[in-house]
Amino acid sequence: MPLGVLLLGERPRGGGYWWDFALVLGYAGLAMMGVQFALTARFKRATAPFGIDLIYYFHRFLATVAFALLLLHAGLLWWKYPEAVGSIDPRRAPGHMTLGWLAMLAFTTGIVSSLWRKRLRIEYDRWRRLHVLLALLGVVLAVLHVEGSGTYLRSPWKRAAWTALALSWLSLAMWVRLVRPALLLRRPWRVTEVRRERGRSWTLTLAPERGAVFAYQPGQFAWLTLRASPFALREHPFSFASSPTRPGSVQFTIKELGDFTRGIGRIQPGERAYLDGPYGSFGIDRHPGASGFVFIAGGVGIAPLIGMLRAMADRGDRRPLWLFYGNRNWERVVFREELDALAGTLDLTVVHVLGEPPADWRGETGFIDRDVLQRHLPSGRADLHYLVCGPAPMIRLAERSLDELGIPLKQLHSEIFDIA
Ligand SMILES: Cc1cc2nc3c(=O)[nH]c(=O)nc-3n(C[C@H](O)[C@H](O)[C@H](O)COP(=O)(O)OP(=O)(O)OC[C@H]3O[C@@H](n4cnc5c(N)ncnc54)[C@H](O)[C@@H]3O)c2cc1C
């Protein structure tokens with residue numbers, strides 16, 4: 001659409017094919033960069049069909065493609081039209097060209113720090129603040145570069161259309177970073193309980209300071225901010241481990257992993273919290289017609305699944321259920337007593353799979369793979385819906401195994417905890 005606008009009305013002539021092609025790459029790359037603000041704006045309706053994990057993967061993919069287009073734009077012009085590009089030295093170059101180079105620098109830093117964040121050992125929260133800053137800076141500088149160079153934007157209405165487009169991207173960023181945090185500030189929550197669980201995990205119970213808990217579905221998640229303002233960009237995503245059938249509070253079960261999660265045990269009841277949610281499309285309620293469910297969890301991937309099991313128990317759901325639950329050892333199995341109790345209330349078969357089993361262990365060992373699944377699933381397994389949650393390698397293995405067992409892709413739903 002942004003390119004379509006450029007083609008309407010009066011067009012510049014005489015540039016030649018490669019000139020026009022290089023400019024189009026620039027406009028297309030910038031428009032795709034701008035669209036990233038919409039992708040990451042967390043519009044519930046837009047993200048619901050896909051799930052936030054896929055949206056973030058798509059964002060990463062699309063931003064990389066957009067960056068490649070911008071690189072080609074700059075590279076092609078530099079190679080074919082060095083006189084038009086001029087000097088890279090800001091003292092000798094026109095202002096708008098310097099702005100273009102600075103935009104490229106911001107985008108390059110943004111892409112490199114995102115693709116190789118872990119390798120560069122950039123702490124997540126710090127990276128996130130840098131990412132937002134670089135994205136905003138890159139787009140603003142690039143729009144000023146486009147407006148300054150003016151090719152294709154000579155007519156006032158084209159310039160107005162592109163300016164409006166750029167402002168719409170920036171207003172999305174303002175919505176996410178300023179308006180939504182301000183709304184969260186008006187709806188604070190309190191921590192009411194912090195409970196230690198097995199496997200270096202904690203269950204945190206929160207209740208709204210005023211009013212009722214928002215409506216959510218089992219399996220969804222919210223962004224949690226503790227000991228910080230919602231403006232501080234220190235929020236972390238956690239799945240509801242509680243069931244919406246028990247109103248008044250929500251629970252999250254959180255495994256100690258890094259700086260933020262290692263501090264959960266030090267949180268005191270009475271402390272203030274902020275919750276942005278609910279989000280996500282992972283859960284039983286999206287598949288009301290399913291004849292039964294198979295849950296596959298690795299470690300703390302049990303969190304959204306226990307929420308679903310609790311909801312089903314409260315609702316008196318009698319559909320057949322299987323839970324394949326992988327853990328390193330028996331001591332780490334979060335909720336293992338509650339799962340025994342749930343197996344008595346629900347039509348639930350729990351299959352524990354241990355990586356390092358005790359000497360007297362008679363259950364499954366190793367990983368949740370094709371053989372383990374095949375041994376316990378019924379012959380009508382292709383009619384069931386499968387919900388998989390845990391670390392990415394576990395999800396990949398489970399998905400491959402289910403595919404080999406002939407489970408249709410449309411009945412397979414997964415939630416990846418590692419979106420960054
Ligand atoms: C949809 C979803 C639901 C989740 N539900 C749960 C849950 O119920 N229980 C649970 O224990 N964990 C859950 N997680 C994972 C949890 O968000 C991370 O473990 C936590 O944010 C790690 O933060 P940290 O600072 O302690 O660790 P770090 O060492 O800083 O991070 C470890 C990894 O977690 C990810 N991460 C860190 N901070 C964030 C952030 N702000 N936003 C997104 N990802 C981040 C990054 O991939 C990072 O490499 C969920 C993740 C997602 C995406």
Side-chain angles (χ1 to χ4, degrees), residues 40 42 44 47-48 50-57 59-60 113-132 176 181 194-206 216-228 230 232-243 250-267 274-283 295 297-310 327 332 334-335 387-395 413-420:
T40 52
R42 297 189 200 161
K44 287 182 187 159
T47 56
F50 312 102
I52 211 100
D53 48 356
L54 284 193
I55 295 276
Y56 276 89
Y57 275 95
H59 158 58
R60 178 186 279 230
S113 59
S114 304
L115 294 183
W116 293 288
R117 177 183 68 81
K118 287 184 186 162
R119 220 174 284 174
L120 294 169
R121 293 171 194 267
I122 309 175
E123 186 245 325
Y124 188 90
D125 285 338
R126 193 166 297 163
W127 165 80
R128 195 143 172 241
R129 283 191 287 275
L130 179 78
H131 192 68
V132 170
V176 180
V194 183
R195 194 175 64 233
R196 183 188 279 277
E197 304 281 2
R198 293 177 195 284
R200 288 174 47 227
S201 301
W202 299 85
T203 292
L204 206 63
T205 308
L206 304 174
Y216 68 97
Q217 292 178 357
Q220 287 193 296
F221 73 95
W223 297 86
L224 168 68
T225 303
L226 288 168
R227 292 188 175 172
L233 277 182
R234 295 240 176 90
E235 46 179 11
H236 291 250
F238 295 104
S239 308
F240 296 102
S242 49
S243 160
V250 296
Q251 286 187 330
F252 300 100
T253 295
I254 299 174
K255 186 179 170 74
E256 291 181 9
L257 198 73
D259 289 348
F260 177 78
T261 46
R262 270 201 287 269
I264 296 292
R266 290 193 293 277
I267 299 293
Y274 298 97
L275 275 189
D276 182 14
Y279 292 101
S281 58
F282 181 67
F295 302 109
V300 78
I302 193 68
L305 304 181
I306 193 84
M308 294 183 222
L309 290 169
R310 287 169 175 167
N327 279 284
R332 286 198 183 186
V334 184
F335 301 129
L387 292 137
V388 189
C389 188
M394 186 225 100
I395 292 187
H413 321 283
S414 47
E415 181 89 294
I416 309 169
F417 275 2
D418 189 358
I419 52 173

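We count ligands from 1, going down the list as the structure has it; atoms in each ligand are counted the same way. Please read these numbers as outputs of a predicted model, since none were measured by experiment.
- Gln251 places no side-chain N or O within 3.5 Å of a backbone atom of Thr205 that could act as its donor or acceptor partner.
- In Glu123, neither the side chain nor the backbone holds a heavy atom less than 4.0 Å from any atom of ligand 1.
- Some N or O of Pro237 is nearer than 3.5 Å to an N or O of ligand 1, by distance alone.
- Residue Glu256 places every heavy atom at 4.0 Å or more from ligand 1.
- For the side-chain contact (heavy atoms from CB on, under 4.5 Å) with Trp202, the qualifying choice from Arg266, Arg195, Glu256 is Glu256, the only one to do so.
- Between Phe252 and Phe240, the distance separating the two ring centers is shorter than 6.0 angstrom.
- Heavy-atom contacts of Glu235 reach the following atoms of ligand 1: 40 (C), 41 (N) (cutoff under 4.0 Å).
- Summarising the geometry, atom CG belonging to Asn327 is positioned 8.0 Å from atom CD1 belonging to Ile302; distances are rounded to the nearest 0.5 Å.
- Using a 4.0 Å cutoff on heavy atoms, Lys118 counts as a contact of ligand 1.
- Counting heavy atoms under 4.0 Å from ligand 1, residue Thr261 touches it through both backbone and side chain.
- At a 3.5 angstrom cut-off on N or O pairs, Thr253 counts as close to ligand 1.
- Under a 4.0 angstrom heavy-atom cut-off, Tyr56 registers as lying outside contact with ligand 1.
- Below 4.0 Å from some heavy atom of Leu257 lie the following atoms of ligand 1, by number and element: 19 (O), 32 (C).
- Proximity of Pro304 to Phe417: side-chain heavy atoms (C-beta onward) are separated by under 4.5 Å at one or more points.
- The residue among Ala303, Pro304, Gly258, Gly301 with a heavy atom at the shortest distance from atom 27 (O) of ligand 1 is Gly258.
- Using a 4.0 Å cut-off to heavy atoms of Ile416, the atoms of ligand 1 that qualify are 53 (C).
- Not a single N or O atom of Glu415, backbone or side chain, sits closer than 3.5 Å to an N or O atom of ligand 1.
- Using a 4.0 Å cut-off to heavy atoms of Trp223, the atoms of ligand 1 that qualify are 42 (N).
- Remark: Glu235 pairs with Arg42, Arg128 by the salt bridge (charged side-chain N to carboxylate O under 4.0 Å, His left out) rule, at least two apart or across chains.
- The nearest non-hydrogen atom to atom 10 (C) of ligand 1, considering only Tyr279, Phe238, Phe221, Phe252, comes from Phe238.
- Aromatic ring pairs are classed by plane angle as parallel below 30°, tilted from 30° to 60° and perpendicular above 60°; the pair Phe260 and His236 is parallel.
- Counting heavy atoms of neighbouring residues, nucleotides and ligands inside a 6.0 Å radius, atom CZ of Arg126 does not exceed 12 of them.
- Close contacts of ligand 1 with Ile254, meaning ligand atoms under 4.0 Å from a residue heavy atom, involve 11 (O).
- Between the Arg310 side chain and the Ala241 main chain, a donor and an acceptor come within less than 3.5 Å of each other.
- Ligand 1 has no N or O atom lying under 3.5 Å from any N or O atom of Arg262, backbone or side chain.
- Counting atoms of ligand 1 from 1 in the listed order, those under 4.0 Å from a heavy atom of Phe260 are 24 (P), 25 (O), 26 (O).
- At least one donor-acceptor pair closer than 3.5 Å links the side chain of Arg262 to the backbone N or O of Leu257.
- Atom CZ of Phe282 is separated from atom CD1 of Ile416 by 10.5 Å, given to the nearest 0.5 angstrom.
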